[in-house]
Structure formats: structure tokens, C-alpha cells
Colleague: 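Below you will find the structure I want to go over with you.
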Amino acid sequence: MMRHRMSVVFALSILVVFNTSGASARRNTPPKVAILHHAASDATSVASATGCKALSVRVVSYGIDARLDADKKAIEATETLTYHNLTGQPLQTFPFHLYLNAFQPQSTFMSEVRQSGTRGTGSEAGWDPKHYGAIEVQSLAADGVGDLTPQMQFIQPDDHNPDDHTVFQVTLPKPVPPNADITFRMTFHDQLPEVVERTGYKRDFFMVAQWFPKVGVWWHGAWNCHQFHATTEFFADFGVFDVKVTVPRNYVLGAAGDEIGSDDNPDGTRTVTYHAEDTHDFSWTASPEFTDVEDSWTGTAGPVKIHLLMSPGHLGLKGRYLQSLKGTLDYFDRWYGAYPYDRITVVDPPRGALNAGGMEYPTLITGGAAWWEPPGLRLTEVVTEHEFGHQYWYGMVATNEFEEAWLDEGINSYVEVKIMAALYGQGRSLIDLWGATADDEGEQRLSYLSTPDADPLTRFAFQFMSSAAYGDTTYGKTAAVLLTLEGIIGEETLRNALHTYFERTKFTHPTGTDFLKAVGDASGQDLSWYFNQAVSGTNVLDYEVLGIRSDRADWYRKNPPPGKKGQTLYRDTVLVHRKGDFLFPTETDIRFDDGETVREKWDGRDRWVRYTYLKRAKVISAEVDPDHKVRLDRDFFNNSQTAVAHPGATRKLEVYAVFVTQLFFQLLAWLV
Ligand SMILES: [Zn+2]
């Protein structure tokens, strides 16, 4: 997900100041029986009837038949879920997510929004009935068991709020034995909200996401099925989806599966059938106003069909969407691993529906654009890059976003910095317009600086100090932590570590321990000293040059001769201070007026270090972290001192750049 759009926007405008101063065989055509002939490393198929190896352990198999009522903004559906009990033990109770029930005034989600806001809503926003959303399971039965509707019961494992109806559970009369299957059959009704928090409708545009009863994940010996929170995203098992969607015939559809059939019905509707394998969610979108821009890209695993569903007035931006998407596909393919699916759909939300934008689902992402966006203001590009990146970390690696959001959003933010710089240029990857430049690295850093010490990266997503702390830490701080890690193990080693991590853990729901082990293995180093502070700690990193001084060695003489460059002897001292509680090895460059530069190294453990020289030269300047590798350093301005101050930096240019940037972001805020 793209976070806090407007605060990022504001941050970008400030940033300019800093900046100016400083899978093998694939199917190429959708067959009726879809098969992926993938040689996955350790995944075994339990669902593939063909005997071909699947990419993932397919725990779930969903069959959904959904009919959209475009006037009532509602969906009537039936759902069949076959759950394969691979837990190694009997299971009698099954929890299900009902995400749409978050959009109700007494839900936990909304009370958390009220406390500290969330992506698209400030904490002071009142309740707006048009944002009401609901999902009602009208009936539930299981094969061989019969009707279970009376057994359904809402549970609140996280906060015991009895008014929160985002999770229900059902208890069977007898357990499902290990390695056996159970098939649930449901009918359910969705009332969609006007777009809010990634889902809903706007006029006749529909973004249908988190819309069906979804079973929890048996993980580490227990059910993992958290309530829907203002700052949480999702976690689900891999499997197979067979979904039929019925919409008015004039609607253009997009969905997270291969289209394998389309039938026109006598009542003026159309039913389209989709199939998806080795994914853990299924979302779809519909609008009579979409233009479906079709394209393709070919990577090491074969061709990928691209559907770009453009909203009215935005067609002029299709080239920018496609350039960013294909460029991102290229870099992921080259750096981290092959994209194994044969499709990717990008949804361009219409005017007024940006709250449905900037979001990821398996093989379907939502972007964000405004018709007036000038080239050089790369909002469309960065959102596309970011959401596609989730196909790897959220889509395939599939970590638990409720509990370890940094492994998805954070790693994705770091990769976003790298790919945006590779595609659009270091230092100007976000804004390169009328002489104003800003880059993504700086934007992530500003986010980190907003809340540098409230929470460790490892906090459960719904337990951060605030919504802002969640975002600043999960996205910005993780990016800064990984950028700083580049300075310790090297950029290429970190890239290899991410590649190792992806290949080793894809489709397996790994944890932070697995990620840190991959980094340790790739680097051959014990990095626990760093991770304990940067990942599981809240330590703040800040080193400063506290003072520089050149004192004549003959200071005691009554009438010393005038100082002569190269001849007079000085006692030069430089004092470096650790302001924060983050211990980090530092380098300091000390420049003298005879042209010499000395690089000093310090383990950074004590509170301060003083460097003393007896030299026929004066100190000109001292700078901590001269190669600018320590992106976690909270304050760059105290990293250096010069013997002679240089007041009156070129403020005019900075002010102009800020003006340009703010003007555009203000326009964006009004128009989207
Ligand atoms: Zn994201």
C-alpha cells in the first residue's frame, strides 16, 4: 500500500530544500484447465490434479460466484472453500476474516482511525454513512456436517471489542483429521462503501477487494486471524481461486486471475470466469468507463500479459504507467528473481477514487494519477513501482502483514528507492521539474525522521504508538535501516541477500528471522549488533562534530611571530560526539590547510572521541560519515564543522524549488 499520501506530499516539498543544499515453463494462452509447470524448490502441490508441481503449498481452494448489483453497490455471492488440513493435527474450529465489516462506526478499525487517523482519513474526520461497508454471511454449511449457520460467532482476538465483527469462527461437531479436507459452502452479501481504505465504489467504478469470507492461517501452531485494524494489511494461505463475476454487459472487468470464459446472459449481464493458482487473495474491478490498454513484457520466466485499465481523462498517462511497470519488472527479474505469473493488471482509479489507489493484490495492483501530472513529477511512476514490488514481498514471499509489516512495506520501500533511482536517476527519482529535484531516498528518510524512536520495526502493525508511527517506522525507517546496511555489507551483497531471501522463502510465509539470516548468510557477517539496535530496538543514531580547534603550539610565548602557513606548528583537535544511544562505527574525515585529509575510524562505543595532531597545518574542517553511508543518522547538519563559517547559502534556489513543489502537490490534493 502507498501510505499517507498527503503527508508524503508535504514531506516531498520539504525534501527539495535538503536536496538542493546537499519460473520456467508457462502457459502462454489461458487453457481451460490451467497448469503451471513450475519446478518450485520445496513447495508441494496438494491441489494439482495433473501431478505437476505447484509453486506453493495450496492449503485453500476457493470457488466464488458473485453478482454485482451496480445500482445498490452490493454483491450477492456463493462461496465454496475446500481447506486442506496440512497442520499435522486435528482442527475443529475455523476462523474467517470479514474485512468489509471494518467500515462501521463501532468497529475496532474505525475506533483506531478516530484515535490517530489512517492512510486516507484524519482522526478528526466525522462518520460518513456513505463509507459504510458490510459483509453478511447468510448461510454456512460444511460437506458431511450440514448447516453450521447457528454455530457462527464473532470473535475479537486482539482487543475484545464486542462490536467488532471482522472475524467470526465456527466450531464443527467433530474435528477434521490431519491431511483430510473439509469443504465449506456459504452464501454472503456485500454492501460496498464509497471508496474508503482501498475498497468500494465511486459512481460506477468498483474496486472489489477484501470482499469474501477468508479463512485464517494456521501458523506456528495456532490460528492466525487478526481483526482488521486501521494500520494492518493482510495474511492468508496460498491456493487456487475459481471465481465467476457477473456484471452489467457494458462494464469492463479486471481481475486477479486468468480469464478462462465469458458468457453473455439474457438479462443484459455478462459472467466472466477467472482462474488463479498459487495466490492468496482475489480482487477484481469493474467500470463501464475503463479503457483496457493491453501490452506485454517478457522476462526470464516467459511472457507476462499486461492489462492497464485506464480511467477517463488519464489515457495520456498510459506511457508513464507502462514505462514504470516494465522497468520495474525488468529490475525485479534481474535483481531478485523471476516473476512466475503470466499476467499483471494495473487499475487506474477515476477522479475522486484515489482511496482505492496505491494498493496491491496478487497479480492486480491499483495505481494513482491525475490528468495534469507533468512529466518530471513522478507520482504515477512511484506508485506503480511500489505496488508492483509487493507482488514479490507480499504476493509471493507472503509474510504476516499483521505482525511483521516491515518485511513487506519496509523491504518494498527500500527496493522502491533502488529501482526508482535506477529508472529515473539518482537524486531526482521523484521530482525533476523546472529545476527542482527530489529523490525517493530523501522522501523515505524524511518519513523516518518524523518518528525515529517510537517503535521497533518488529512491532505488530496494530500496536504502534500511532498510525503515523506505524507508517514512518514500517516504510521510512526500514528503508533507512537497509540503506545504512549497504554501507556495512555493500550494496551488491544486500542485493544478493534479497535475492537469496526471495528464492529461499517464496510461498512459505517466512519471518524476520529468516530475512535476517539470509542477510547474514549473504554477507558472511554476524550483524546482530546492528539488527538488535536498528530492527528490534528503538535506538537513535546521531553522531556530531562537537568542536574543531587549531591552537598554536607556542601559545605561551609573549610576542609570537605571525603565523605562517606550512611553518607554524599547531595543536589541532577535533571532538566527535555520540549524541544518540545507537552505537555505530564511525569514520571522520579531517582536512588540514596543507591539503592533507586524514580519515579516522572509531568504534563509536564511548560517548566521545578526541583526535589530536601536532602539525604545521590548521584544521579546515571535520566531517563524520564523509561518504554519506549512514542514512539512519538522525541529523546530517551536525555531521560537519568548518573552521570558517560560510553563511548565506543559496537559499533563493531552495525557496523557489519548494514553491514549485508545493504548488503541484497542492494542485494534486485538490484535484484527485
Ligand atoms: Zn505498500
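When a ligand or atom number is given, it counts from 1 through the structure's own listing order.
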Colleague: For the pair F234 and F228, name the ring-plane relationship: parallel under 30°, tilted 30 to 60°, perpendicular over 60°.
Modeller: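 It falls in the tilted class, 30° to 60°.
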Colleague: I'd like to check the salt bridge (charged side-chain N to carboxylate O under 4.0 Å, His left out) partners of D281; sequence neighbours left out, ordered by chain and number.
Modeller: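 Here the qualifying residues are K214.
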Colleague: Would you say M1 reaches the Zn ion (ligand 1) with an N/O/S atom under 2.8 Å?
Modeller: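 M1 does place an N, O or S atom closer than 2.8 Å to the Zn ion (ligand 1).
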Colleague: Hey, is the Zn ion (ligand 1) within less than 2.8 Å of some N/O/S atom on E360?
Modeller: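 E360 does not place any N, O or S atom closer than 2.8 Å to the Zn ion (ligand 1).
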Colleague: Before giving the answer on ring pair (Phe, Tyr, Trp, His ring centres under 6.0 Å), spell out for F402 and H97 the whole-Å C-alpha distance, their side-chain angles and the decisive distance to 0.1 Å.
Modeller: CA-CA 13 Å; F402 292 93; H97 293 283; 5.8 Å; yes
Colleague: Where the Zn ion (ligand 1) is the centre, what is the NE2-to-OE1 angle for H386 and E409, rounded to 10°?
Modeller: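 Seen from the Zn ion (ligand 1), NE2 and OE1 are separated by roughly 100°.
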Colleague: Run the salt bridge (charged side-chain N to carboxylate O under 4.0 Å, His left out) test against D128 and tell me which residues pass, sequence neighbours left out.
Modeller: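 If we apply the salt bridge (charged side-chain N to carboxylate O under 4.0 Å, His left out) test to D128, skipping adjacent residues, the hits are K130.
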